[in-house]
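In what follows, a structure is listed as structure tokens, so that the remarks can point back to it.
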Protein chains: 2
Amino acid sequence: MPFTYEYPRPAVAVDAVVFGFDENGLSVLLIERALAPFAGKWALPGGFVRMDEDLDAAVRRELQEETGLEKVFLEQLGAYGTPGRDPRERVVTVAWVGLVKLLDHRVRAATDARRAAWFATDELPALAFDHDTIVADALAHLQQTVRRKPVGFELLPPKFTLTQLQKLYEAVLERPLDKRNFRKKVLALDLLEGLEEVEQDVAHRAAQLYRFDMARYRTLAKQGFAFEI
Amino acid sequence: MPFTYEYPRPAVAVDAVVFGFDENGLSVLLIERALAPFAGKWALPGGFVRMDEDLDAAVRRELQEETGLEKVFLEQLGAYGTPGRDPRERVVTVAWVGLVKLLDHRVRAATDARRAAWFATDELPALAFDHDTIVADALAHLQQTVRRKPVGFELLPPKFTLTQLQKLYEAVLERPLDKRNFRKKVLALDLLEGLEEVEQDVAHRAAQLYRFDMARYRTLAKQGFAFEI
DNA sequence: CCAAAAGTGTTTCACTTACACCCATGA
DNA sequence: TCATGGGTGTAAGTGAAACACTTTTGG
């Protein structure tokens with residue numbers, strides 16, 4: 001069932017740079033390519049856009065199919081279309097940055113039909129296509145985003161400690177932060193709701209758990225918000 | 001000479017939101033559509049990407065062909081690909097934000113074969129396709145960019161006064177700025193080079209002219225830079 | 001001499017930064 | 001009782017914001 005056009009057309013694809021976070025730091029979700037080109041290499045999850053689906057629907061579908069992830073927080077990163085970036089033919093891809101609560105998703109991603117795995121951002125293998133560039137751009141984008149929106153919380157479980165939150169910011173910004181100043185500033189945002197619970201099963205004083213106030217979160221996310229830390 | 005593919009493909013286009021600035025404020029360059037759909041409506045300059053050209057090359061070519069503009073400062077805004085955004089068929093467009101020194105280009109743009117004209121950003125007509133949305137996103141992008149990079153200077157003539165620069169920032173940010181604080185901050189950047197000349201033919205005290213130091217400009221543009229004003 | 005815009009400093013306040021010790025808990 | 005991370009306050013410095021008058025020039 002061929003499709004014919006008067007002028008040649010690039011193929012249009014989507015790719016996702018999905019970040020997760022846990023005690024080992026920041027990770028990116030990759031899949032191992034089964035087919036040429038770059039067979040055996042790791043690459044970003046993604047695929048071709050269908051004619052009747054929006055770009056964000058396409059990337060959500062591909063994430064679901066290839067890695068099992070659903071309900072991912074996604075922002076568009078930009079289009080990559082240099083001729084030759086795919087050796088087979090001209091492909092223009094629209095790249096997205098995704099954030100997930102890693103612990104929720106670790107197992108499902110690894111047990112899918114295609115091999116999918118999380119890689120620490122400081123130990124990434126060489127990737128297929130121009131995906132190295134896209135991941136580097138996505139990291140830079142995340143560093144910017146984290147200062148403007150409280151998206152950090154997209155990466156944490158529903159209940160978390162202030163130390164976890166600080167480690168997350170340190171991992172994204174790649175620099176150490178002062179504990180007292182960090183707590184002062186983040187609590188001053190009036191975004192966190194302190195719970196009556198503490199973490200369990202730790203060999204030291206148990207930390208208080210927090211969750212974030214969704215209403216306040218949406219207000220801040222909409223207004224722009226500047227979290228210089 | 002038809003082109004046939006196994007699966008259907010969207011068309012891939014580029015569109016440019018080019019901003020200019022003069023004594024009347026901030027303007028956007030539009031072209032009047034000759035053909036359906038939206039014949040007679042104003043739209044962003046743009047067109048389809050050729051198979052052998054990069055995305056930024058495509059937008060530069062279209063700008064040259066449709067408006068006469070060349071050597072425009074361009075940044076990618078993002079991809080727009082919702083099905084139905086073009087009533088004829090599926091088109092994914094990659095939008096760009098451009099900045100030009102308006103006075104250099106005013107005449108050429110208006111004398112081209114197709115009708116092209118500058119519109120003040122606060123008096124835009126209803127645009128074809130989803131171009132209203134793209135322009136709104138481009139304005140938001142410019143407001144962000146202007147705080148992070150000294151791109152404001154892309155919009156001014158080579159020699160300019162501090163008042164012109166302040167008016168530009170006021171137009172982009174849509175709020176008044178304090179004259180003394182503005183001058184203090186912008187001069188503290190060590191980016192401007194004061195000239196021995198003053199403006200001519202004004203009915204009041206003539207203002208000193210400045211130009212910007214390209215080497216310093218590139219340093220700041222690369223480093224990120226934060227110009228909160 | 002009048003109109004119009006250019007040019008110029010200081011004070012106040014808020015926020016950022018640097019910094020060190022005691023506390024609670026489980027092993 | 002020891003090891004581990006949790007939790008807390010203050011002082012100094014820096015940067016932002018508010019604010020009004022004199023100067024220069026051409027008409």
Side-chain angles (χ1 to χ4, degrees), chain A residues 22-25 146-148 150 156-157 159-171 173-211 220 223-229, chain B residues 22-25 146-148 150 156-157 159-171 173-211 220 223-229:
Chain A
D22 65 9
E23 64 278 2
N24 299 314
V146 99
R147 290 161 200 242
R148 278 201 304 279
L156 289 175
K159 299 175 185 180
F160 51 86
T161 69
L162 291 182
T163 300
Q164 281 180 291
L165 183 60
Q166 182 176 343
K167 295 278 180 235
L168 166 58
Y169 273 83
E170 289 177 337
L173 299 178
E174 295 175 338
R175 63 187 165 92
L177 300 172
D178 180 88
K179 181 162 63 163
R180 275 174 292 191
N181 292 337
F182 180 83
R183 284 164 183 246
K184 241 182 303 176
K185 215 180 289 191
V186 79
L187 290 175
L189 284 175
D190 196 26
L191 179 63
L192 297 187
E193 192 178 344
L195 303 176
E196 299 304 309
E197 305 168 66
V198 294
E199 58 180 346
Q200 300 296 319
D201 301 319
V202 287
H204 53 78
R205 177 174 174 178
Q208 191 186 352
L209 290 171
Y210 291 82
R211 67 176 171 216
L220 288 176
Q223 283 179 1
F225 165 92
F227 190 53
E228 280 307 327
I229 203 154
Chain B
D22 65 8
E23 63 277 4
N24 298 315
V146 99
R147 291 161 199 239
R148 277 200 304 278
L156 289 174
K159 299 174 184 180
F160 52 87
T161 69
L162 291 183
T163 300
Q164 281 180 289
L165 183 60
Q166 182 177 341
K167 295 277 180 238
L168 166 58
Y169 273 83
E170 289 178 336
L173 299 178
E174 295 176 336
R175 62 186 165 93
L177 300 173
D178 180 86
K179 182 162 63 161
R180 277 174 290 191
N181 292 337
F182 180 82
R183 285 164 183 246
K184 241 180 304 177
K185 217 179 289 193
V186 79
L187 290 174
L189 284 176
D190 195 25
L191 179 63
L192 297 187
E193 191 178 344
L195 303 175
E196 298 304 310
E197 305 167 66
V198 293
E199 58 179 346
Q200 301 296 318
D201 301 318
V202 287
H204 52 78
R205 175 171 175 180
Q208 190 186 355
L209 291 171
Y210 292 81
R211 67 176 171 216
L220 288 177
Q223 283 179 2
F225 164 95
F227 191 50
E228 279 306 326
I229 206 155

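Residue numbers start from 1 in every chain, and the chains themselves are labelled A, B, ... in the order their sequence lines are given, proteins ahead of strands. No hydrogens, no waters, no symmetry mates; every other heavy atom, side chains included, goes into these values.
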Practice problem: State, yes or no, whether a side-chain contact exists between B/L173 and B/R147 at a heavy-atom distance under 4.5 Å. | Solution: yes
Quiz item: Is there side-chain contact between A/L209 and A/T161, with at least one heavy-atom pair below 4.5 Å?
Solution: yes
Quiz item: Once you round it to whole Å, what is the distance between P of D/dG5 and CG of A/D201?
Solution: 16 Å
Quiz prompt | Whole-Å distance separating the CD atom of B/Q208 from the C1' atom of C/dT8 | solution = 13 Å
Quiz item: What is the per-nucleotide protein-contact pattern of nucleotides 15-23 of chain C, from the 5' end, where B denotes a base atom under 4.0 Å from a protein heavy atom, S denotes such proximity for sugar-phosphate atoms only, and - denotes neither?
Solution: --BBBB--B
Quiz item: Do any of residues 191-199 of chain A sit with a heavy atom less than 4.0 Å from DNA chain C, and if so which?
Solution: none
Exercise. Look at the side chain of A/E199 and the backbone N and O of A/A207, then say whether any donor-acceptor pair between them is shorter than 3.5 Å.
Key: yes
Quiz item: Going from OH on A/Y210 to CG on A/L156, what distance comes out if it is rounded to the nearest 0.5 angstrom?
Solution: 14.0 Å
Quiz item: Rounding to a whole Å, what distance do you find between B/F182:CZ and D/dA16:P?
Solution: 14 Å
Quiz item: Would a 4.5 Å heavy-atom cut-off, applied to side chains only, mark A/R183 and A/D178 as touching?
Solution: no
Quiz item: Got a second to check how far A/F182's CZ is from A/L162's CG, nearest 0.5 Å?
Solution: 7.0 Å
Self-check item: Distance in angstrom units between A/L165 CG and D/dG5 P, rounded
Solution: 18 Å
Exercise. Select base, sugar-phosphate, or nothing to describe what B/T163 touches, counting heavy atoms under 4.0 Å on all strands.
Key: sugar-phosphate
Quiz item: Tell me: CZ of B/R183 to C1' of D/dA16, nearest whole Å?
Solution: 18 Å
Exercise. Take atom CG of B/L209 and atom C1' of C/dG7, then tell me their distance rounded to the nearest Å.
Key: 15 Å
Self-check item: Reported CG-to-CG distance for the pair B/D22 and B/L168, which is rounded to 0.5 angstrom
Solution: 11.0 Å
Practice problem: Grab the CZ-C1' distance between A/F160 and D/dG6 for me, whole Å please. | Solution: 16 Å
Practice problem: Starting from P on D/dT4, measure out to NZ on A/K167 and report it in whole angstrom. | Solution: 14 Å
Quiz item: Do the non-hydrogen side-chain atoms of A/P150 and A/L191 ever get within less than 4.5 Å of each other?
Solution: yes
Quiz item: If you find the nucleotide of DNA chain C closest to B/A203 and the one closest to A/A203, which residue's nucleotide is nearer the 5' end?
Solution: B/A203
Quiz item: Looking at residues at least two apart in the chain, or sitting in another chain, which of them share a ring-ring contact (aromatic ring centres under 6.0 Å, His included) with B/F160?
Solution: B/F153
